[in-house]
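Following: one structure in structure tokens, then a few remarks.
Computed over heavy atoms, backbone and side chain alike; hydrogens, waters and symmetry mates excluded.
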Protein chains: 4
Amino acid sequence: MSVARGGRLAASIDAAMEALNTSVDVDSALWRDDIEGSMAHARGLARAGVLTSEEADTLVAGLRQVAGEIERGELVWDRAKEDVHMNIEARLTAIVGPVGGKLHTARSRNDQVATDLRLFARRRTTEALAALTDLGRAIVTQAEHEIDTLMPTYTHLQRAQPSRLSHHLLAWQEMLWRDRGRLEDALARLDECPLGAGAVAGTGFSLDREATARELGFARATRNSIDATSSRDFLMELAGALAILGVHLSRIGEEIVLWSSQEFGFIALSDQFSTSSSMMPQKKNPDVAELVRGKAALLIGSVTSLLVLEKSLFFGYGRDLQEDKRPIFDAFDNAIVGVRALTGAIATATFRRDRLRAALGGGHVCATDLADYLVNQGVPFREAHHIVGAVVRAAEERGVQIGELGRDELVQAHAALGGEGVASALDPAQAVERRSVLGGPAKARVLEAISDARARWG
Amino acid sequence: MSVARGGRLAASIDAAMEALNTSVDVDSALWRDDIEGSMAHARGLARAGVLTSEEADTLVAGLRQVAGEIERGELVWDRAKEDVHMNIEARLTAIVGPVGGKLHTARSRNDQVATDLRLFARRRTTEALAALTDLGRAIVTQAEHEIDTLMPTYTHLQRAQPSRLSHHLLAWQEMLWRDRGRLEDALARLDECPLGAGAVAGTGFSLDREATARELGFARATRNSIDATSSRDFLMELAGALAILGVHLSRIGEEIVLWSSQEFGFIALSDQFSTSSSMMPQKKNPDVAELVRGKAALLIGSVTSLLVLEKSLFFGYGRDLQEDKRPIFDAFDNAIVGVRALTGAIATATFRRDRLRAALGGGHVCATDLADYLVNQGVPFREAHHIVGAVVRAAEERGVQIGELGRDELVQAHAALGGEGVASALDPAQAVERRSVLGGPAKARVLEAISDARARWG
Amino acid sequence: MSVARGGRLAASIDAAMEALNTSVDVDSALWRDDIEGSMAHARGLARAGVLTSEEADTLVAGLRQVAGEIERGELVWDRAKEDVHMNIEARLTAIVGPVGGKLHTARSRNDQVATDLRLFARRRTTEALAALTDLGRAIVTQAEHEIDTLMPTYTHLQRAQPSRLSHHLLAWQEMLWRDRGRLEDALARLDECPLGAGAVAGTGFSLDREATARELGFARATRNSIDATSSRDFLMELAGALAILGVHLSRIGEEIVLWSSQEFGFIALSDQFSTSSSMMPQKKNPDVAELVRGKAALLIGSVTSLLVLEKSLFFGYGRDLQEDKRPIFDAFDNAIVGVRALTGAIATATFRRDRLRAALGGGHVCATDLADYLVNQGVPFREAHHIVGAVVRAAEERGVQIGELGRDELVQAHAALGGEGVASALDPAQAVERRSVLGGPAKARVLEAISDARARWG
Amino acid sequence: MSVARGGRLAASIDAAMEALNTSVDVDSALWRDDIEGSMAHARGLARAGVLTSEEADTLVAGLRQVAGEIERGELVWDRAKEDVHMNIEARLTAIVGPVGGKLHTARSRNDQVATDLRLFARRRTTEALAALTDLGRAIVTQAEHEIDTLMPTYTHLQRAQPSRLSHHLLAWQEMLWRDRGRLEDALARLDECPLGAGAVAGTGFSLDREATARELGFARATRNSIDATSSRDFLMELAGALAILGVHLSRIGEEIVLWSSQEFGFIALSDQFSTSSSMMPQKKNPDVAELVRGKAALLIGSVTSLLVLEKSLFFGYGRDLQEDKRPIFDAFDNAIVGVRALTGAIATATFRRDRLRAALGGGHVCATDLADYLVNQGVPFREAHHIVGAVVRAAEERGVQIGELGRDELVQAHAALGGEGVASALDPAQAVERRSVLGGPAKARVLEAISDARARWG
């Protein structure tokens with residue numbers, strides 16, 4: 001008979017209900033956190049005088065044994081025992097005898113699972129942060145390596161202005177840095193221990209909740225028993241931060257897919273991070289980048305699920321919250337596996353410098369520089385923009401780049417375009433160096449940015 | 001070495017990449033469909049003269065053996081073989097020898113998985129429809145049973161007008177009937193076989209695609225090889241239909257939760273569909289209904305994931321599509337388990353007729369009837385509405401129901417309220433019978449509706 | 001004083017509440033549908049003997065006058081009157097006098113707005129279908145025009161196998177055809193008239209609901225008054241169908257963006273559908289395609305909002321449903337504007353045939369044909385795949401295409417590669433024609449498909 | 001001719017394209033931010049020597065005039081001028097003459113709109129925080145007022161354990177406090193000025209970007225020009241924080257709806273925050289709470305849209321980002337209007353103390369206390385739980401509360417239940433006081449919590 005049904009309900013449960021009700025297939029992933037929380041609770045009960053210290057020691061030792069059994073794959077999860085908590089308690093009681101029935105004193109599954117989830121969230125967020133740091137470093141390393149590789153920037157996927165590859169890679173890293181900040185902020189906000197909140201209204205036993213919180217490494221105990229057991233905004237916030245991270249990974253993924261195409265040809269992934277086709281023998285596909293884009297879709301689905309789940313929920317705990325596990329577990333799995341694979345893919349990729357540089361040869365990428373040159377000759381920008389636009393149009397009609405037009409043709413558009421500075425304006429390499437404004441692609445600026453990024457990611 | 005890597009790529013794959021790339025943990029759920037599709041493909045290759053009929057027979061027999069092994073849990077899925085397709089092909093080849101290497105002629109994993117997914121979708125949709133039919137019937141049975149149970153309708157969760165429980169239950173059933181229609185429409189639209197579309201551009205072997213489609217029970221072969229391998233709108237549509245179904249289940253769930261409260265007390269779930277608390281011994285909780293609400297949140301997340309996944313995808317197949325499996329598998333699982341548990345919960349629930357009837361005693365539920373009475377005396381409705389509103393206000397101030405006001409007080413509000421019909425207007429039972437308009441709660445109308453519903457659900 | 005507050009509540013409303021409560025800024029878009037529904041209701045009241053036919057005529061004439069005023073922009077919407085319904089009724093009453101107060105007899109805003117929304121949905125879906133038809137036709141026209149333009153197919157954005165542009169364009173059209181089916185199915189399912197369902201429990205007046213339904217062009221009256229006033233699955237379904245359509249538009253958009261890049265250079269949008277940059281004078285950007293991708297994101301947000309909105313809603317009408325308007329209005333606006341702009345962009349675009357054809361020169365696009373050739377020489381496909389994979393690898397190492405390898409090198413990989421058919425296998429034009437399977441890119445098949453598509457879209 | 005089309009493109013634009021392309025209907029909401037940013041940019045150009053200080057002064061004065069015109073509703077937004085930026089620049093140039101054409105030097109719409117959006121986000125977030133503070137205070141005030149009002153807590157909407165209303169209200173406030181933290185964190189993270197990032201690659205003019213950032217009140221200038229113009233995670237993060245806030249508001253709304261029902265009867269909203277029905281004269285509906293729940297659905301849609309919008313976007317700016325405005329504008333509008341209306345509704349609501357207290361009389365709310373009593377007598381908790389569960393079952397069968405069972409019946413269940421402390425265990429008022437653990441409902445703890453909350457919200 002299920003421990004959880006107690007003496008109140010008839011013992012049997014309908015099969016369709018059991019299929020819906022059982023969660024151990026999913027929540028067994030919390031076992032480590034559950035045992036850690038139970039150990040702290042046992043010690044807390046002893047401190048409160050509810051258990052003797054011998055009883056507490058027996059429980060802690062028993063829990064340690066259960067942990068070992070799970071670690072070694074010896075414990076068979078029993079769906080009839082509903083969830084990870086009841087499975088562990090049942091096994092504990094089998095080991096330690098009746099004293100096992102004392103562990104749940106002054107506790108409910110509601111504060112227990114709220115604690116487990118925070119321990120889990122802390123553990124996985126820490127992993128995600130470590131993985132993110134590796135990715136940040138891999139990008140910075142490539143940025144250092146490619147410091148002299150020029151390429152166009154793009155807007156609307158049209159060539160825009162000259163820049164350097166390192167500058168582009170550092171843009172990736174900027175996004176990821178903010179992702180790190182979001183995860184850290186979420187971690188700080190969830191750093192509270194719910195144990196002692198009971199089912200919803202606290203407990204009548206005089207637990208020292210702050211002591212238990214400290215023992216579990218939390219900054220403090222939660223402040224309201226109803227909120228502690230019924231709120232999951234820490235999961236919504238984390239899933240949101242992971243979804244934004246996923247969106248950022250998908251943007252990097254999109255660029256890798258595009259740059260891997262024969263048309264762009266800017267990057268070559270290593271074979272270790274490539275796949276082939278079951279039908280077409282010539283294929284070398286950037287699946288890693290596509291899978292990462294796909295993971296972003298799942299991450300968006302996860303945060304949606306969590307937001308929807310808690311919407312309009314009456315206080316306190318409602319069983320709807322059982323369903324928070326799958327989305328948050330998936331969110332961490334998908335984000336972390338994506339970060340790690342992308343780290344390797346970037347670290348082992350080769351950038352095709354010739355192709356990147358060659359792309360500066362089309363798309364009139366120095367047209368803005370030509371307009372700026374006119375501004376420096378006193379032409380209002382809007383007028384300069386219009387003049388150069390017409391020059392581009394003329395070049396396009398002739399099928400050439402603006403730098404290939406003759407001096408006469410330029411002068412016809414505006415007298416100042418016969419000046420000496422025009423050649424310099426139209427030289428991509430000089431154009432990059434002219435963009436020495438803070439945040440720009442000039443070499444000195446990018447070196448500064450690399451140095452800052454290096455310091456940032458440690 | 002992974003079969004899929006072919007001769008093009010170096011044999012090894014990075015560990016982080018493998019973790020991302022492997023899908024067999026998830027897509028092994030397609031094994032039945034994969035084998036069914038492969039058998040039809042083998043026969044198709046024979047018809048096209050690519051294989052001898054002996055070779056086809058060998059392959060089919062081998063596939064049957066693999067199916068048996070999987071059924072009996074003997075096949076160990078190997079993550080290094082990536083996915084369900086490669087695992088099955090590898091096992092097949094181990095059984096039948098080199099001829100196994102001929103099965104994939106004129107086929108790609110792209111048309112193979114597209115076929116598997118449609119077979120899977122058809123199979124699961126059929127299951128969902130059967131489960132839905134059971135739920136429809138269970139509701140109709142309760143509606144028949146409670147035909148004489150009066151209760152108020154609610155709007156804004158405020159008591160509104162008198163009605164009967166059967167009428168309310170039939171509203172549930174109306175929603176579910178449309179859910180059925182959506183699933184059937186989706187099923188008809190996806191009823192096409194992609195086999196023969198190859199990786200993206202068809203195949204050079206002259207397969208009779210319509211014959212293979214027929215063999216697999218499809219209505220026709222897909223019409224464009226690029227679309228066939230790259231589009232997944234059938235999954236988006238199904239997940240959408242399941243999400244709407246989930247929303248409908250959540251509405252029923254919400255009502256069960258509410259009606260199970262001590263305050264409403266309209267329904268008592270059977271113990272078989274109830275749970276207790278680990279801390280509070282008195283609890284009998286309607287978890288079934290809460291879990292169903294929670295499943296709706298997951299279903300909304302699943303359709304979101306699928307929509308996002310395919311957004312902005314370049315043709316043809318991109319590996320992002322690998323990630324379509326988890327959301328659609330989850331969607332079917334969550335919808336079906338929810339429908340089944342709710343069916344049992346409703347079938348075994350007891351409605352508390354006294355509490356339902358008693359609720360007509362408050363909330364001035366016949367106020368509209370009183371206004372209608374005035375309309376029948378020639379008062380324009382807006383004026384009648386205003387007069388009765390003031391009567392209600394007066395009753396509220398005195399803490400009584402409008403039927404408890406004296407004749408004098410009513411006449412003061414409007415002379416016609418002294419009339420004979422007033423008592424009839426204020427009688428809830430008569431009020432229900434007056435609502436004999438099509439779609440209304442009068443007994444005859446509801447009996448008609450029950451009869452229609454009974455015919456509908458078979 | 002607001003008509004809607006009646007005699008029950010104190011007249012004043014808090015300013016913050018009014019800001020939340022007022023909906024006329026949004027729902028005034030329903031005015032046409034509201035007046036159409038009210039006219040039918042007035043006639044229905046006359047048929048039921050609740051109004052004289054003179055009264056009904058007066059109301060209809062008054063409503064016609066209000067419609068004229070709105071059409072001409074003369075009616076000033078008053079936020080204090082809450083919504084479109086109350087604004088119109090108030091204006092009507094100002095025109096026709098006290099009889100205006102009779103229009104709302106046997107009706108509630110709940111069945112009124114449910115009717116308005118279905119009329120609106122029908123009207124806008126019809127518009128969307130017409131726009132979609134124009135888009136289908138524009139695509140088929142381009143497919144006809146480009147029947148002889150060869151190009152590679154892609155998977156994973158890597159060149160895959162030879163095909164023709166028409167075949168690719170028809171893949172777009174296949175998706176859109178299913179979108180059309182989804183919209184039509186939704187239209188058929190919502191084709192019911194809620195008028196007469198009242199607030200939630202029907203009405204005591206004996207309306208002929210089927211007659212009113214017919215008058216408004218609906219197929220039938222709704223069957224359950226509670227469901228009729230509280231369910232909005234027709235909006236969820238439509239928003240879902242529009243979101244899938246949006247996803248499909250985004251895929252076309254993604255290809256246009258990509259193909260417009262200097263690197264691909266497959267398409268040139270007309271200037272009429274292009275934009276420039278405020279800073280860079282040379283830019284010609286495919287904003288149309290990017291905006292369409294962006295609209296898909298909004299469409300996904302709209303269906304999400306609608307699903308979430310109705311989740312866990314208790315019956316009958318809850319005011320949450322007021323918020324269904326913005327998402328469904330936006331969904332139609334965004335889908336229709338996207339379809340229309342894309343239609344023009346595609347109709348006026350120029351495909352750069354030389355660039356498309358030239359792309360067949362790289363990526364070893366005939367590698368599958370070479371493997372198939374080996375299969376025809378008796379080599380099992382898996383072995384053939386592996387052999388050709390190694391050939392590709394060798395070619396890549398030398399920086400050439402497989403067709404550029406010498407006969408010796410090929411023979412070294414496999415003796416059969418010295419055969420006569422190899423040159424044919426490696427010719428892209430012949431490779432396309434070999435794919436004459438149903439749904440393949442061979443010219444005859446594509447001409448058939450064009451003819452079918454032409455018939456389809458009318 | 002549109003300024004933005006420059007000299008590069010043919011002047012005309014297709015009508016369907018214009019309908020898609022024009023954004024001024026939406027983005028005119030940015031006018032204040034756009035003018036503020038332009039003033040700072042003009043001064044920055046002067047500092048950089050690109051403009052004379054007279055030119056800068058002229059531009060600033062002109063911009064001030066434009067602002068006045070917009071404020072007074074005099075400027076007619078022109079859809080042909082595309083967006084808010086071009087409308088303002090065109091009006092400015094009409095006022096100040098050709099020097100207007102110099103304002104856009106060293107700037108692109110890409111860094112301009114990125115700046116506007118951050119100014120907008122800062123402004124609206126500040127408003128949201130102020131509104132949230134008012135809500136926090138209103139809740140704390142009610143918590144103070146209701147300090148002696150006892151009520152049950154609920155889990156699964158079943159009565160659980162005794163508590164006090166203040167404790168429940170403080171749970172609301174705890175959630176909102178974390179919402180505040182999320183908004184503040186987002187604000188700190190977006191506190192960077194993009195001006196000077198140009199279209200994507202910075203500018204060749206030597207702007208002092210940090211000086212401009214300071215002038216606009218930003219903490220610093222952005223660090224990478226590509227990231228600065230192409231990333232919108234600050235919008236995703238804000239929309240995420242607002243969606244979580246919306247979910248929290250919806251939970252409060254759900255409770256108000258429930259508590260307003262005749263069945264619960266715990267709260268009476270003031271008439272100022274209530275609405276009636278157009279059909280049913282007796283209705284007083286809690287629409288405010290339902291609308292707030294509805295807004296949460298829209299907020300979830302908004303964050304979904306923004307996440308999807310930026311997924312898989314190639315760097316730098318893509319026009320998809322134009323579509324970020326509607327969701328973020330809506331998100332702020334919906335969140336702020338919801339917070340404000342709820343503030344008023346709560347501040348003016350009356351709690352029905354008698355009904356709240358009376359609810360302690362059912363549901364065996366002291367069952368846990370009885371089990372705890374047994375624990376104190378040495379019975380292991382699990383056993384105690386089981387014993388009391390059976391007691392509850394017996395009481396239910398007799399239709400009484402456990403406190404109404406005779407001493408004999410209790411003793412039969414367990415000898416210790418004949419003890420003296422049983423009466424105290426079963427007294428709800430004492431049960432509340434026993435829960436004096438940190439975060440529990442005992443009066444002293446709640447007074448502490450109120451005092452902390454009072455300090456928190458200022």
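Taken from CZ in A/Arg109 to OG1 in D/Thr155, the straight-line distance is 11.0 Å, to the nearest 0.5 Å. For the atom pair CZ of D/Arg434 and OG of A/Ser206, the computed distance is 12.5 Å after rounding to the nearest 0.5 Å. One finds the CE atom of D/Met236 at 10.5 Å from the CG atom of A/Leu245 (value rounded to the nearest 0.5 Å).
Using a 4.5 Å cut-off on side-chain heavy atoms (C-beta onward), D/Thr203 and A/Arg435 make no contact. Using a 4.5 Å heavy-atom cutoff, the side chains of A/Val303 and D/Leu307 are in contact. Counting heavy atoms from C-beta on, the side chains of D/Glu210 and A/Leu438 come closer than 4.5 Å. The closest side-chain heavy-atom distance from A/Asn376 to D/Phe205 is below 4.5 Å. Under the 4.5 Å side-chain criterion, counting only non-hydrogen atoms from C-beta, A/Asp179 is not in contact with D/Glu237. Side-chain contact between A/His104 and D/Phe381: present, with at least one pair of heavy atoms (C-beta onward) separated by less than 4.5 Å. The shortest side-chain heavy-atom distance between D/Arg8 and A/Glu396 falls under the 4.5 Å cut-off.
In this structure, no portion of D/Thr93 lies under 4.5 Å from any heavy atom of chain A. For D/Ser312, the parts sitting under 4.5 Å from any heavy atom of chain A are the backbone and the side chain alike. Both the backbone and the side chain of D/Leu313 come within contact range of chain A, with heavy atoms under 4.5 Å apart. Using a 4.5 Å cut-off between heavy atoms, D/Glu310 touches chain A through backbone and side chain atoms alike. There is no contact between D/Pro194 and chain A, counting heavy-atom distances below 4.5 Å. For D/Asp452, no part lies under 4.5 angstrom from a heavy atom of chain A. Using a 4.5 Å cut-off between heavy atoms, D/Ala197 does not touch chain A at all. Heavy-atom distances place no part of A/Ser108 under 4.5 Å from chain D, backbone and side chain included. In this structure, no portion of D/Trp177 lies under 4.5 Å from any heavy atom of chain A.
The shortest non-hydrogen separation linking D/Gly181 to A/Arg189 is C-NH1, 3.2 Å. Scanning both residues, D/Ala201 and A/Pro441, for their nearest heavy atoms gives O-CD, 3.3 Å. Shown here for A/Val437 and D/Gly202, the closest heavy-atom pair between the two residues is CG1-CA, 4.2 Å. The shortest heavy-atom contact between D/Ser231 and A/Met175 is OG-CG, 3.7 Å. Of all the heavy atoms in A/Pro98 and D/Pro380, the pair that sits closest is O-CB, 4.3 Å.
In this structure, A/Arg251 satisfies the cation-pi test against D/Phe315, with its NZ or CZ atom closer than 6.0 Å to the six-membered ring centre and inside 45 degrees of the ring normal.
In this structure, A/Glu174 does not pair ionically with D/Arg223, as no charged nitrogen and carboxylate oxygen lie closer than 4.0 Å. Between A/Asp185 and D/Arg182 there is no salt bridge, since no side-chain N of the basic residue sits under 4.0 Å from a carboxylate O of the acidic one. Salt-bridge formation is detected for the pair D/Glu89/A/Arg382: a Lys NZ or Arg NE/NH1/NH2 atom is positioned less than 4.0 Å from an Asp or Glu carboxylate oxygen.
Listed options D/Ser225, D/Ala186, D/Gly316 were ranked by heavy-atom pairs under 4.5 angstrom with chain A; first place goes to D/Ser225. Your options are A/Ala390, A/Gly204, A/Gly101, and the one with the most heavy-atom pairs under 4.5 Å with chain D is A/Gly101. Between chain A and the options D/Gln161, D/Arg445, D/Arg209, the largest number of non-hydrogen pairs under 4.5 Å is found for D/Arg209. Ranked by heavy-atom pairs shorter than 4.5 Å toward chain A, the options D/Leu258, D/Leu299, D/Thr222, D/Val292 are led by D/Leu258. Counting heavy-atom pairs closer than 4.5 Å to chain D, the top-ranked of the candidates A/Ile300, A/Asp233, A/Val432, A/Val257 is A/Asp233. Chain A forms the most heavy-atom pairs under 4.5 Å with one residue out of D/Ala449, D/Ser230, D/Ala442, D/Ala367, and that residue is D/Ser230. Heavy-atom pairs under 4.5 Å with chain D were tallied for A/Ile387, A/Asn110, A/Ile244; the largest tally goes to A/Ile244. In terms of heavy-atom pairs under 4.5 angstrom with chain D, the leader among A/Glu433, A/Glu383, A/His248 is A/His248. In terms of heavy-atom pairs under 4.5 angstrom with chain A, the leader among D/Asp208, D/Leu207, D/Asp320, D/Asp372 is D/Asp372.
Aromatic ring orientation, D/His156 versus A/Tyr317: perpendicular (interplanar angle above 60°, classes split at 30° and 60°). A perpendicular orientation is assigned to the rings of D/Tyr154 and A/Phe314, their planes being inclined by more than 60° (bins at 30° and 60°).
In summary, of the residues considered (D/His168, D/Arg178, D/Gln173), a side chain to side chain donor-acceptor pair (under 3.5 Å) with A/Asp227 occurs for D/Arg178 alone.
Counting only distance, with no hydrogens or angles, the side chain of A/Thr153 and the backbone of D/Val200 share no donor-acceptor pair below 3.5 Å. A donor-acceptor contact shorter than 3.5 Å links the side chain of D/Asn224 to the backbone of A/His167.
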